[in-house]
Amino acid sequence: MDSSSNGIRRKRLGEVLCEKAYLDEADLGVALAEQKVTQRRLGQILLDLGYITPAQLNEALAVQAGIEKVDPSGLSIGGDIIGLVPADLVSKYNILPLWRENGRLAVAMTDPFQPQVLEDLRLVTGCFIQRYYAEPAQLENAVLRFYGSNVARMLDDLTPEEQRSDESLGNGDFSPAKLHELAREPSLVNLVNLIILEAIEARASDIHIEPFEHEVKIKYRIDGILVEKAPSSKRLQAAIVSRIKIMADMNIAERFVPQDGHIEFTAKNGKIDIRVSTVPTIFGEAVELRLLDRTASLISLTDLGMNAETLDGFCKCLRKTHGIVLVTGPTGSGKTTTLYAALSRIYTPGVKMITIEDPVEYHLDGINQMPVNAKRGLTFATGLRHILRHDPDIIMVGEIRDRDTADIAIRAALTGHLVFSTLHTNDAAGAVTRLIDMGVEPFLLASSLEGILAQRLVRKICPKCKETYRPDAVLLQSFNGSAKIDAGTQFYHGAGCSECNRTGMSGRIGIFELLRITAKLRELIATRPTTEQIVREAPADHISMVHDGIDKVLKGVTTPEEVFRVAKSIDEDS
């Protein structure tokens, strides 16, 4: 055990915490007064009162006990040292072996005061353990660097290296009873839970599990980009897929037709809804999990990234007493988030709002939300018919997928309701031609349509590693074709750091295009116009998505490459 030298007064815990500015004298006084009454440990009292964090307490106790602090992020640790401590112990106790000298093993810990950790390490390594304190974030990054992610470590443990050369390359043709047995193995249950937890911590929106001939790829979609993680052994394919299907209440015996399911998963911060979809491939079933965090706070309309003109125009559409307002864009472009922000903006107890969604992604206070249930015959169209009998003022239809839904939504807008919905189109003008192609009468559309907001999501530059740079000349030339860029314009990108997983990008923001329907456009829509004709007749203050993206580049929010990546699908022919 470490101890302070004889004759030197050991600092009190409160003294150390105050010196590190983790605690002020007034709060310390409150805690000491409580300690006199309850006779409990001061550290526990401070934690219960919420004055300090567990990490701050551990650091102060380490200082008090004379345990040195170490930053493992800059150390070079040999493979022989890493091999001394198994990955499961590292993960279980949040520790990292540093070096070995004269029969003593130096170990970094976030909590150096757990006797069981020292005992287990002594038994496993045969060394005396010398404790060092490390900050949690620094230790986590170092463990990731030397041991890999928790999922990668667990995959290694479940499929040792020597078994990989003799892989079973079948597609998992086991009996249903055997699949149930495989999927209920504790190690497999933990692995699937860990895959989901790691995705949640990485801010992923989707998990993709894709079978191939010799391995199963695991990918997370983070900020709209797929990031490949450590692949799984082919041996684990049937068990992983079966475990997910059991969690989602799907038929594990049926492997040759697509299936859909739902998981309610409990994470650190609360419940996560997961939509599960499987499709058969030549190498087995591919699984897609869409993560919906119900605990995440809704984004307000002002925080979506609209410029002042677009926001003002969109708010004018929201203030209409009747009509239809559409939000368009591909899957995953943030359409539902925008609609939720719009509904939250205009909600008052004096209006009745009803939504029909597939599925209900977030719960909105004071608003009646109806989930689509196709198996029971509740589609957008049938649900919308019944909603109209409930005397609503404002209706939101999750998506217009067919003529039936479009007709009912437009007729609802013409009979005094304000209707919001989404469409999958490339740009705002394309929504008009898409609805006419569905079979909607142009004169009805011209009378009911109030505004169309098209959007995409672009990744933002990581604020921690933001720096100036010079973009590719060809890219700049492409941008100059859309907007005039001065020669001395500063451009920024992210150099890449631990905060953004070395990508240089962190988080996303929208780029928008609002098409307000003017009297001139109403006349044009009635004549079945082309998309190009609609764009030409757009109001003078109309701003395209590409120009909105360029504006965000010039403000240092995102990069030219990112806007070009997203916007090239918008106007490839322009």
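Formation of a donor-acceptor pair under 3.5 Å by the K335 side chain with backbone atoms of G329 is found in this model. A donor-acceptor contact shorter than 3.5 Å is absent between the side chain of K320 and the backbone of V325. With Y362 contributing its side chain and L292 its backbone, the two residues share no donor-acceptor pair below 3.5 Å. Using modelled atom types, one side-chain atom of S233 and one backbone atom of R235 make a donor-acceptor pair closer than 3.5 Å. Side-chain atoms of K234 come within 3.5 Å of backbone N or O of F212 as a donor-acceptor pair. Of the possible donor and acceptor atoms, one in the side chain of Q259 sits under 3.5 Å from a partner among the backbone N and O of N251. The closest donor-acceptor contact from the side chain of Q237 to the backbone of V216 lies at 3.5 Å or more, if one exists at all. Looking only at distances, a side-chain donor or acceptor of T433 sits under 3.5 Å from a matching main-chain atom of G430. Of the possible polar contacts, one joining the E254 side chain to the F256 backbone as a donor-acceptor pair under 3.5 Å is found. Formation of a donor-acceptor pair under 3.5 Å by the E361 side chain with backbone atoms of Y340 is not found in this model.
Within a 6.0 Å sphere centred on NZ of K352, heavy atoms belonging to other residues, nucleotides or ligands number more than 12. Annotation: E450, atom CD; neighbour count of heavy atoms from other residues, nucleotides and ligands within 6.0 Å is above 12.
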Practice item. Would you sort out whether V287 and I240 count as a side chain to side chain contact (heavy atoms under 4.5 Å, CB included), showing the intermediate values? Key: CA-CA 10 Å; V287 186; I240 289 172; over 6 Å; no
Exercise for review: Under the side chain to side chain contact (heavy atoms under 4.5 Å, CB included) rule, what do V458 and V557 come out as? Steps first, then yes or no, please.
Suggested key: CA-CA 10 Å; V458 294; V557 175; over 6 Å; no
**Study point:** side chain to side chain contact (heavy atoms under 4.5 Å, CB included) assessment of Q114 paired with M109
**Key:** CA-CA 10 Å; Q114 301 177 74; M109 307 174 174; over 6 Å; no
Exercise for review: Please test I246 against V192 for side chain to side chain contact (heavy atoms under 4.5 Å, CB included), starting from the C-alpha separation and ending with a verdict.
Suggested key: CA-CA 11 Å; I246 287 172; V192 172; over 6 Å; no
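The side-chain heavy atoms of I408 and L388, taken from C-beta on, include a pair separated by under 4.5 Å. Between D111 and Y93 there is no side-chain heavy-atom pair separated by less than 4.5 Å. Side-chain contact between F380 and I400 is absent, with no heavy-atom pair separated by less than 4.5 Å. Looking at heavy atoms from C-beta onward, N368 lies out of side-chain contact with H390 at the 4.5 angstrom threshold. Counting only heavy atoms from C-beta outward, the side chains of L457 and V566 never approach each other to under 4.5 Å. In this structure, the side chains of L453 and E513 stay at 4.5 Å or more apart for every pair of heavy atoms. For the pair L304/L311, no side-chain contact is recorded, criterion being any heavy-atom separation below 4.5 Å from C-beta on. Annotation: side chain of M306 is in contact with side chain of L301 (closest heavy-atom distance under 4.5 Å).
To the nearest 0.5 Å, atoms CD1 (I511) and CE (M545) are separated by 6.5 Å. Here NE2 of H417 is found 10.5 Å from CD1 of I394. Values are rounded to the nearest 0.5 Å. To the nearest 0.5 Å, atoms SG (C317) and CG (L418) are separated by 9.5 Å. In this structure, CD1 on I452 lies 9.0 Å from CG on D427, to the nearest 0.5 angstrom. Between M505 atom CE and K460 atom NZ the span is 10.5 Å, to the nearest 0.5 Å. Atom-to-atom distance recorded for I274:CD1 and E288:CD is 11.0 Å, nearest 0.5 angstrom.
Under 4.0 Å is where a charged nitrogen must lie from a carboxylate oxygen, and between E198 and K229 no such pair does. Salt-bridge check for D548 with R456: failed, with every basic side-chain N at 4.0 Å or more from each acidic carboxylate O. R275 and D260 are not joined by a salt bridge, as no carboxylate oxygen comes within less than 4.0 angstrom of a charged side-chain nitrogen.
Looking at every heavy atom in both residues, M353 comes nearest to L343 through CE-O, 3.7 Å. The two residues L364 and S344 come nearest to each other via the heavy atoms CD2-OG, 4.1 Å. Smallest separation of non-hydrogen atoms from Y220 and I195: OH-O, 3.0 Å. When all heavy atoms of T281 and G284 are compared, the pair lying nearest together is OG1-O, 2.5 Å. I263 and I244 get closest at one heavy-atom pair: CD1-O, 4.1 Å. The two residues C465 and G504 come nearest to each other via the heavy atoms SG-CA, 4.1 Å.
Here the options are D358, T379, T422, the test is side chain to side chain donor-acceptor pair (under 3.5 Å), and the partner is R401; only D358 passes. When the options R459, R508, K552 are evaluated for a side chain to side chain donor-acceptor pair (under 3.5 Å) with E562, the one that passes is R459.
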